[in-house]
Amino acid sequence: MDVALTNSIVNTATSLASAKTSDALNMVVLKKALDMQAISAATMIDAMQQSMPQPPLATSGTLGTNVNTFA
């Protein structure tokens with residue numbers, strides 16, 4: 001058996017295994033980064049909603065008190 005061919009096969013197998021591990025690790029890091037961004041975005045949206053009070057609903061008059069349910 002050719003030793004160079006055997007070494008080449010072993011090196012290729014080792015490289016592929018290393019690449020799989022690296023890809024899996026990169027996916028874990030990406031998922032964590034996306035989760036942190038989602039939490040930051042939700043926190044920012046909540047902060048904006050709490051700082052802006054909702055205007056009161058119309059209770060009298062012709063504007064904003066009727067809903068056209070046939071539209």
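In this text the structure is predicted, and so the values were computed from the model without any measurement.
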ask   = For atom CG of L63, is the number of surrounding heavy atoms from other residues, nucleotides or ligands below 6.0 Å larger than 12?
value = no

query = Is the side chain of S40 donor-acceptor paired with the backbone N or O of M36 at a distance under 3.5 Å, no angle test?
reply = yes

ask   = Which residues satisfy the side chain to side chain contact (heavy atoms under 4.5 Å, CB included) test with Q37, sequence neighbours excluded?
value = L34

ask   = Rounded to the nearest 0.5 Å, what separation is found between the CG atom of D23 and the CG atom of L30?
value = 12.0 Å

Side-chain heavy atoms of L16 within contact of T12, under 4.5 Å = yes

query = Do the side chains of K32 and V28 get nearer than 4.5 Å, heavy atoms only?
reply = yes

